[in-house]
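Shown next, in structure tokens, is the structure this report addresses.
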2 protein chains.
Amino acid sequence: MAERAGVSQSTVSRALAGSETITEATRRRVEQAAEELGYHVNARAAGLRKGQTGTIAIVVIGRAGQGAARINPFYYSLLGSTCAAAAERGFEALVSFQAEPEEFFGHYVARRQADGLVVIGTATNGAAWDYFRDRAKDSDEIAFWGSPFDDAVWVRSDNLSGGQQAVARLVAGGARDIVFVGDTNSTQRQFSERYDGYCQGMAAAGLTAHPPIESGGEDRVAQGREAVTRLLAQGTVFDGLFFACDAMALGALEELAARDVAVPGAVGVIGFDGLGTGEFSSPPLTTVEPDFAQAGRLLVQTALAGADEKIECRVPVRLVERASVG
Amino acid sequence: MAERAGVSQSTVSRALAGSETITEATRRRVEQAAEELGYHVNARAAGLRKGQTGTIAIVVIGRAGQGAARINPFYYSLLGSTCAAAAERGFEALVSFQAEPEEFFGHYVARRQADGLVVIGTATNGAAWDYFRDRAKDSDEIAFWGSPFDDAVWVRSDNLSGGQQAVARLVAGGARDIVFVGDTNSTQRQFSERYDGYCQGMAAAGLTAHPPIESGGEDRVAQGREAVTRLLAQGTVFDGLFFACDAMALGALEELAARDVAVPGAVGVIGFDGLGTGEFSSPPLTTVEPDFAQAGRLLVQTALAGADEKIECRVPVRLVERASVG
DNA sequence: CTGAAAGCGCTTACAG
DNA sequence: CTGAAAGCGCTTACAG
């Protein structure tokens with residue numbers, strides 16, 4: 001290659017890397033030779049020499065025993081935004097889906113496969129989060145979304161504001177007896193923050209907050225369904241429902257329909273996450289959506305920042321109005 | 001590191017790579033030293049020397065002007081499955097979302113960032129596919145899903161069988177006037193294959209196939225909505241609708257509900273893609289779903305196989321029964 | 001502005 | 001079974 005352009009290896013390197021100290025004529029010659037030979041710089045060798053990878057690793061945690069195709073779409077959107085944010089900064093994204101303990105791996109930075117690591121995914125996989133919590137102790141180049149602990153570096157939705165916005169909207173729609181559904185002791189820390197937002201919203205409207213409704217079920221959808229069943233069974237009076245996540249709200253919408261409870265006529269419903277699926281439910285689901293692009297950017301920035309500049313980041317949220325509230 | 005274990009660099013390398021020619025005692029000593037020092041093999045340097053990257057690049061093509069968070073969930077599922085398939089074979093996955101011409105990039109193999117490239121995503125981004133069609137000319141380590149051309153290496157759903165299954169189910173549900181909705185001249189080649197399956201299914205049932213219904217609209221959902229509007233406007237008699245993709249079917253379901261056409265009472269509806277969103281539509285959407293895990297495996301295998309072993313692959317599909325057909 | 005040389009951190013023939 | 005040496009393909013001081 002150097003031969004073809006009639007220059008040294010160093011010059012080829014400088015020309016292709018866009019160095020300032022190269023004559024335009026030389027650069028053109030080199031570029032033409034590269035074109036003719038179909039030459040591309042070996043990124044691996046370049047990175048080895050430069051000592052940086054230009055790559056960010058992203059791991060998506062799934063539920064044990066479930067395939068990657070069945071990940072909550074929320075995390076897919078977040079993954080997409082994070083990849084896009086990496087690209088914005090000129091970084092590649094190395095992604096892996098991890099659910100089973102034997103596949104847990106987070107030493108991307110130590111192995112020099114990446115300059116930073118972002119971890120997202122379900123908070124319900126405790127073993128996975130324990131593993132990555134340890135990784136945060138080895139390395140500063142790490143950022144979490146939705147981790148079930150507070151002692152590491154994370155990025156989260158502005159859950160307090162989201163909860164307040166949801167309640168305010170429900171109240172504006174005429175609701176007074178609003179209940180929050182979600183386990184506030186859940187591994188998903190964001191749920192209790194959303195409940196706090198709910199409480200503040202209720203107080204601001206001069207209403208009394210109920211304790212949170214927790215329900216079982218093998219996944220969020222089933223939990224939402226069961227919450228409705230329980231509320232109805234125990235004769236709770238309610239005209240507004242705020243769910244800790246959209247998947248629950250979607251299950252609840254099904255259950256409400258099955259029991260002929262009119263939405264939004266008899267009860268207004270709001271979820272959290274901004275799932276695209278909510279566009280097609282019956283009725284379409286009003287939801288609190290985080291700014292995905294911003295979430296991706298903060299995640300990447302945090303993972304790349306290293307120790308000292310670490311901050312706990314909040315991503316702004318907004319209410320997406322659909323038909324499930326009057 | 002070699003010092004700490006009291007052996008040579010070569011021995012460290014062999015011990016950690018699991019070479020057979022190493023004493024158990026030596027290996028243990030090396031592993032312990034690595035543990036103590038928090039040493040990890042530099043994957044970049046190892047790969048450089050070995051001449052292989054252990055990585056597969058995956059690019060997801062999006063619609064120009066649309067963020068990564070708004071990609072059709074079908075491609076997210078396919079992405080997840082492809083990453084999982086790569087992991088199964090011990091490969092890392094380098095993923096990027098590309099929509100605008102200035103960000104098109106496919107020289108991962110030439111730059112030695114990956115050993116193979118798989119390209120998936122919307123067929124509607126013509127400029128992107130033109131670009132990657134050219135890449136297929138440079139490199140054999142490439143595989144496409146849903147490419148709008150037939151002259152390169154691709155993996156697709158078994159669309160013929162899918163179309164037949166859909167029609168058979170609609171017929172079993174009592175439908176006789178079944179119409180196919182989707183542009184068979186579309187850039188999405190799979191649509192015309194699905195139409196062919198529809199035609200064969202109709203013939204097998206002794207029914208006469210209608211010409212396909214094509215409709216405009218800025219995205220698939222709008223197209224589905226408009227198709228219903230048009231069918232009703234022109235007074236077509238129909239009791240079964242088979243859509244070329246779920247997104248269209250979802251839009252159609254909304255439009256049918258808005259016009260008080262009962263589903264599945266007055267008309268049975270089936271889509272194609274296996275979108276999770278279809279679980280929550282009203283009614284839940286019956287759909288033809290490809291085997292995602294298998295799709296991922298075939299994509300990875302094809303991208304890695306290289307020139308001679310190239311084959312055009314079909315992924316098996318199955319009918320997912322939900323409530324939109326009687 | 002350009003070239004010769006060293007070196008990034010590994011793996012792998014080649015000896016022993 | 002293990003070590004010394006070469007070399008993977010680049011980039012970057014160091015000279016000129």
Side-chain angles (χ1 to χ4, degrees), chain A residues 1-55 57 90-92 94 107-115 139 141, chain B residues 1-55 90-92 94 107-115 139:
Chain A
M1 164 67 199
E3 224 170 88
R4 170 68 161 254
V7 296
S8 73
Q9 194 193 145
S10 333
T11 303
V12 170
S13 172
R14 282 190 278 249
L16 263 25
S19 161
E20 299 281 293
T21 76
I22 289 285
T23 314
E24 257 319 299
T26 312
R27 162 167 301 132
R28 242 188 308 266
R29 201 138 39 87
V30 172
E31 273 168 355
Q32 195 184 322
E35 174 82 14
E36 288 168 15
L37 271 51
Y39 170 83
H40 287 263
V41 172
N42 182 321
R44 185 164 238 97
L48 173 60
R49 181 56 235 250
K50 287 196 285 196
Q52 28 167 78
T53 69
T55 302
F91 279 74
E92 305 283 347
L94 197 62
H107 296 287
Y108 294 97
V109 174
R111 293 187 52 185
R112 307 277 55 229
Q113 303 200 90
D115 296 328
S139 160
E141 280 72 31
Chain B
M1 164 66 199
E3 224 169 90
R4 170 68 159 255
V7 295
S8 74
Q9 194 194 146
S10 332
T11 303
V12 171
S13 172
R14 281 189 279 248
L16 264 25
S19 161
E20 298 282 294
T21 76
I22 290 282
T23 314
E24 257 319 298
T26 312
R27 162 166 302 132
R28 240 185 313 261
R29 199 138 40 87
V30 172
E31 274 168 356
Q32 195 185 321
E35 174 81 13
E36 288 168 17
L37 270 52
Y39 170 83
H40 288 262
V41 171
N42 182 320
R44 184 165 239 96
L48 174 60
R49 181 56 234 249
K50 287 196 284 196
Q52 27 166 79
T53 69
T55 302
F91 278 74
E92 304 281 348
L94 197 62
H107 295 286
Y108 295 97
V109 174
R111 292 188 54 186
R112 306 277 55 226
Q113 304 201 88
D115 296 328
S139 160

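Proteins get letters first, then strands, A, B, ... in listed order; numbering begins at 1 in each.
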Completion exercise
Rounded to the nearest 0.5 Å, the OH atom of B/Tyr108 sits from the NE2 atom of A/His40 at a distance of 12.5 Å
Practice task
To the nearest 0.5 Å, tell me how far B/Arg49 CZ sits from B/Asn42 CG.
Solution key: 14.5 Å
Practice task
Let me know, please, whether B/Thr26 or A/Ala17 comes out on the 5' side of the other along DNA chain D by nearest nucleotide.
Solution key: B/Thr26
Handout entry: Given DNA chain D, 5'-ward residue of the pair B/Arg49 and A/Arg14, judged by closest heavy atom
Key = B/Arg49
Completion exercise
Of B/Lys50 and A/Leu48, the one whose nearest nucleotide on DNA chain C sits closer to the 5' end is A/Leu48
Exercise for the section: Using a heavy-atom cut-off of under 4.0 Å over every strand shown, decide if A/Thr11 touches base, sugar-phosphate, or nothing. Expected result: sugar-phosphate
Exercise for the section: Would you mind classifying the nucleic acid contact of B/Ser10 as base, sugar-phosphate or nothing, using non-hydrogen atoms under 4.0 angstrom? Expected result: base
Problem - Shortest non-hydrogen separation from A/Leu48 to B/Ala45 and the atoms involved - result: CD1-CB, 3.7 Å
Practice task
Go through the steps to decide whether B/Arg27 and B/Glu24 satisfy the test salt bridge (charged side-chain N to carboxylate O under 4.0 Å, His left out), and finish with yes or no.
Solution key: CA-CA 5 Å; B/Arg27 162 166 302 132; B/Glu24 257 319 298; 3.1 Å; yes
Handout entry: pair A/Leu16-A/Glu31: side-chain heavy atoms closer than 4.5 Å
Key = yes
Problem - Dot-bracket notation for DNA chain C, counting Watson-Crick and G-U pairs under 3.5 Å, with | for partners on another strand - result: |||.||||||||.|||
Problem - N/O donor-acceptor pair under 3.5 Å between A/Ser10 side chain and A/Ser8 backbone - result: no
Problem - Under 3.5 Å donor-acceptor, A/Thr23 side chain and A/Thr26 backbone - result: no
Problem - Span of DNA chain D in contact with chain A (heavy atoms, under 4.0 Å) - result: D/dG9 to D/dA13
Exercise for the section: Not counting sequence neighbours, which residues clear salt bridge (Lys or Arg N to Asp or Glu O under 4.0 Å) with A/Arg112? List them please. Expected result: A/Asp115
